[in-house]
Amino acid sequence: HPQLNTCLLLSLCNVTGLGEPRGLTLNPDLPAQTLSLAWQSDSTLFDLEIFHTEFMNVVLNVIQADPVTGLHSWTWHSPLPLECTSHSVRIRARNQQSVSQWSPLQTIPGWDIPEKSYMFPEDKMIPVGSNMTFCCIVNEKEDFKEIKYGRQEMKATRLSRRSYAITVTNQPASDNTGTNVICSSQKFQMLTGTVVFVGYPPGDEGLVCETRDLASAECSWKKGRDTHLRIKQSLTNYTLNGRDCLEANERKTWCSSKMWEENWTLEARNPLGTVQLTDSAQLTDRGIHLLAPVNVAAVKVEAWSATLQWSWSVAAYKKLEMVCQLRLFAHELSSTRNYDGPGLSSVVLEGLWPDVDYTVTLRCGSKHSFWKWGDESAPYRIHTKMDRPDALDVWMWMDSSNTGHVFWKPLSVRKSHGALNGYEVSQSSAEEDGRNTVSLPPGNFSYPILLNNSSDVTVAVAARNPAGLSQPSTVTTPAYRADSQLSVSELLGTNGSFVLSWEPNVSASSGYVVEWFPTGCTGLCPIDWKKLPESDRSFTVNSDSLVAGVRYTVSVYSLYTSAPTLLQRWQGYSQEMIPSQSVSELSLNQTGSDVLLSWKATEMKQQRGFIRGYTIYLASAAHLDLIANITDPAVQSYRVKGLTLSSYKFVVKAYTSAGEDAGATVAIKMEMDTDMLFVGILVPLGIMFCCIILFSIFFYKKREWVKKAFYPEIPGPKVSGDWSSPRGPLDVKPSPHSLVHIVKNPEWDFTKEGLFPVPEEEEESENDNMEVDTDSDEPALLRYYNQVVGDGSHSNQVSDSSASSTASMGSTQTEITYAGIQSPSSSQGAYSGGGYRPQMQSVTGPAEPQIEFEADFQDDGLNAGYKPQCSWQLDSPEAENFSGSLGSPTSVTSSQFLIPESSEEKPQPSNTWFHNFLSGKS
Amino acid sequence: MAGRGTNGRHGSRGHAGRTAALARLLHKECIQLLELYRNSESLPSSPVDGGYLVSIPPLVPQLSDAEKISILHAALKECLRLLEDVITREDAEFSDEDSEYKRKWKTVRDRLGHLLASTEQLLVEGQKFEAKVKEELDGQAVSGSFRLKMWIVRVLQDLVHWTGQTSDTLRSLPAEVEKAPKTMSRRTRRGAEKIRK
């Protein structure tokens with residue numbers, strides 16, 4: 001077992017004697033974990049050994065000499081609680097290298113006796129970060145298992161047979177009830193245990209002492225760091241100047257003293273330490289914290305003032321030079337007033353407003369060496385009396401030469417001095433005696449004026465409340481001046497306001513009035529005005545009283561004893577906006593290719609700014625094309641010139657300095673004039689007719705040239721010999737690329753007369769023939785029997801055979817024509833089809849070729865000469881089938897060039913009037 | 001007595017049911033309280049050695065339910081005394097800080113008082129039992145905060161045990177209560193007299 005060996009060797013030095021030390025006594029202090037030793041000896045140098053008795057572990061070899069005094073007692077601080085195991089001590093004297101006998105072992109017994117289980121130390125309080133050794137003594141019947149510090153299992157060492165120890169370093173602060181250290185055995189999870197309290201010494205700070213009654217003291221401080229010590233005996237105790245401060249605890253950090261002392265010392269103490277806080281101050285210099293005034297009351301309340309009184313609960317205050325702060329709250333407004341004086345107990349509050357609810361609070365402090373404001377009194381309510389209203393601000397506005405309104409502004413709470421009962425309006429003129437007075441309820445702010453004659457009328461208006469009638473405000477009717485009679489200037493707004501200035505007027509002895517209202521307004525208009533002193537030359541009409549996009553008429557009047565005189569008038573917008581409405585009555589009128597657009601400006605209310613001009617756009621599907629910008633707003637028409645026949649859409653927009661309006665749209669479909677229509681149709685017709693005539697004459701005159709150029713004469717074929725009696729084979733040398741391979745068709749009747757090919761060497765195989773076709777320059781001779789086929793047989797074949805075979809077999813002309821130019825595929829097709837097939841019928845239906853064939857046959861019968869089997873029909877669909885053979889050396893498709901002129905006795909169907917025309921035939 | 005026996009039988013069955021429910025609820029709360037305490041003190045969950053603090057005569061089958069209730073009532077009474085003692089000691093030892101654990105303490109104490117008052121009505125008149133506490137805090141060899149904590153655990157263990165016993169017994173009561181004798185049988189009385197003071 002690892003063991004905690006705490007063996008100490010102490011050497012105390014002296015120079016004389018080697019007698020064995022005697023009377024060694026041990027005095028343990030268990031809570032302090034100290035062991036005091038005392039002995040008797042003549043020597044002054046000693047060796048001292050301390051063992052853990054059971055295992056007799058020794059061990060510390062430190063020799064400490066004190067040659068002067070020589071100590072016969074010594075105190076040892078054990079890192080281990082002395083209860084954990086028995087400790088034995090022995091001592092011997094030393095003189096240089098010689099030593100005496102060891103004294104007998106003295107032992108202090110530990111608690112590791114068989115009966116019970118224990119754990120040490122108990123309920124220790126130590127600072128955070130300390131190291132500590134705990135031991136667990138296991139009773140006889142138990143087997144030690146482990147020691148846990150809180151929830152942490154620790155490594156234990158064995159001190160004796162039944163004692164085990166752990167050492168915990170750098171301990172953290174404990175929870176509320178300390179940190180549990182639990183020893184468990186194999187049998188019990190909680191065999192025994194102990195609690196350690198790890199915390200901090202007091203951390204209080206900031207002691208401040210003051211007096212409330214000029215005699216006693218109250219000291220307060222701030223709680224510092226949490227000590228983490230919750231056990232009652234470890235809570236912080238406080239003393240103030242040595243006297244226990246019982247009222248102070250973890251939450252209450254103040255302490256009182258019956259007498260003021262200049263120096264104050266607060267001592268905060270807990271088992272882990274002590275902290276001292278000090279404060280010093282003369283009572284007169286600092287420290288007077290007055291109590292709140294009591295019995296606050298208003299003894300005299302007027303409309304404009306009130307007298308407030310209060311008393312003090314401390315008699316000593318009556319002679320104290322103090323300053324009091326009075327705070328007034330009314331309608332969310334507050335004001336603070338300070339008063340001073342010895343033992344202040346009443347003040348007169350001046351400058352109050354009539355008929356206002358005030359709430360007053362009061363607090364005071366020492367005037368000399370002001371320390372802090374005392375406690376504040378409870379709020380006190382004062383309601384001032386009413387007073388007569390202030391004079392009204394009156395103005396008269398004429399909307400015609402003999403009608404107008406007198407206006408007055410409502411009085412604010414500060415000016416009405418009490419709820420108004422109403423107004424009194426009295427009217428007088430120079431020509432009439434007496435006054436005509438009317439009373440109006442409080443909601444009225446205007447009264448109509450009617451002038452019966454030309455003399456000026458003076459109107460006086462006064463407000464009434466329960467306290468009385470205000471001073472009357474008078475105004476004399478100003479002369480009516482229509483805008484048309486004046487040169488009204490244009491006024492531009494500046495940041496939503498009107499900045500006005502005017503030339504001084506000598507007659508304005510009573511100042512000026514600036515008046516503004518929406519232009520064009522009649523009747524009960526929102527007239528606003530401002531009276532200015534005669535010294536003013538300028539004024540700014542704030543944006544608060546102006547509406548953007550509304551035109552205002554602003555006038556300046558000079559005031560004199562008589563009627564106000566108009567000095568200047570403007571019209572303007574505080575802030576221009578784009579017109580709210582487009583131009584009206586937009587119309588257009590077409591004149592030829594021109595269009596005249598005309599419109600009217602929108603009404604002034606909708607203009608919302610001075611119209612600076614108009615823009616005209618041509619609207620297309622996607623965008624607007626600007627075609628004109630009229631910068632003169634007086635011009636309200638525009639001519640669009642040179643339009644072609646089409647549909648157009650025009651958009652006209654008025655614009656102010658803020659921009660264009662949405663625009664008005666008008667559309668037109670341009671129509672042609674009837675005269676122009678007539679000219680436009682007839683002239684091209686005439687020209688075309690003339691051209692046709694001229695061309696006809698020209699081509700007729702030059703028909704020979706045209707014929708040569710476009711339709712030259714084609715010489716007919718020269719046929720030699722007699723084609724009429726050929727009763728023998730006809731040898732034809734086909735072109736090298738046009739070998740006609742005649743397949744013997746079992747169904748073919750060769751006994752009948754007809755044209756059929758005969759191979760030159762019958763014994764040659766087909767393969768040989770193919771070689772000849774491809775390799776030999778000399779084409780193989782084909783032998784035909786020119787047999788005349790009878791009509792009946794021909795018609796029979798037509799009816800019996802397929803269309804293709806019929807076409808090829810039915811025509812004597814075609815039998816030599818197209819066999820060689822068949823493509824290989826066509827040839828193979830012919831094989832597969834069971835016989836020779838001319839290519840021209842390959843795609844045609846059976847009926848049509850039959851008709852054609854009959855026509856050709858009739859011609860052949862008449863002409864009795866050679867002709868290709870195909871008539872010249874360029875437009876015929878079968879012509880496309882010839883494309884493969886056109887250009888071939890053996891192609892004879894261009895049959896028209898092979899037709900002799902003599903054979904043209906009966907024209908082909910293709911010979912039209914144009915052909916005749918070119919030939920000069922009619 | 002006769003009147004109570006007649007009227008109280010029907011009434012006591014309903015009352016016994018409510019008392020049983022109260023005991024069951026209290027039993028659960030005692031378990032929660034013990035758990036809370038162990039968690040807050042980082043203590044192992046195994047029971048503290050030493051057996052139950054409160055001792056009563058064995059609840060042998062020969063005892064009637066009414067007698068069992070009387071005996072358990074005496075045990076619960078001792079539990080309440082121990083619980084109040086614990087609260088006093090804790091307040092004296094540690095600063096009075098509010099916590100869920102402390103609130104639960106007070107809830108259990110109040111409910112235990114109600115259970116005692118409720119079971120009181122189920123007791124047969126004239127029967128009086130007293131339970132004993134084997135071990136008091138002041139008599140323990142180990143001193144200090146740890147001993148107090150262990151003692152608190154033991155009190156809580158007792159509370160859990162005896163409220164559980166009471167709850168079980170009360171649950172079986174309605175079938176038996178009508179047969180409950182007005183007076184104890186001779187044999188039972190002799191057995192009980194052993195613990196009477």
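Proteins get letters first, then strands, A, B, ... in listed order; numbering begins at 1 in each. Side chains are part of it too, since the values below use all heavy atoms of this structure and drop only hydrogens, waters and symmetry mates.
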For [X] versus [Y], what's the shortest heavy-atom pair and its separation?
| X | Y | answer |
| --- | --- | --- |
| A:Gly178 | B:Lys149 | O-NZ, 4.0 Å |
| A:Asn180 | B:Glu41 | ND2-O, 2.7 Å |
| B:Phe94 | A:Asn176 | CD2-O, 4.3 Å |
| A:Arg151 | B:Asn39 | NH2-O, 3.1 Å |
| A:Ile182 | B:Ser42 | CD1-O, 4.2 Å |
| A:Phe197 | B:Ser145 | CZ-OG, 3.5 Å |

Using a 6.0 Å cut-off, check whether atom [atom1] of [X] has over 12 heavy atoms from anything other than its own residue.
| X | atom1 | answer |
| --- | --- | --- |
| A:Lys223 | NZ | yes |
| A:Glu205 | CD | yes |
| A:Lys124 | NZ | yes |
| B:Arg109 | CZ | yes |
| B:Lys134 | NZ | yes |

Straight-line distance of A:Thr177 OG1 to B:Glu90 CD, nearest 0.5 Å
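Between A:Thr177 OG1 and B:Glu90 CD, I get 7.5 Å after rounding to 0.5 Å.
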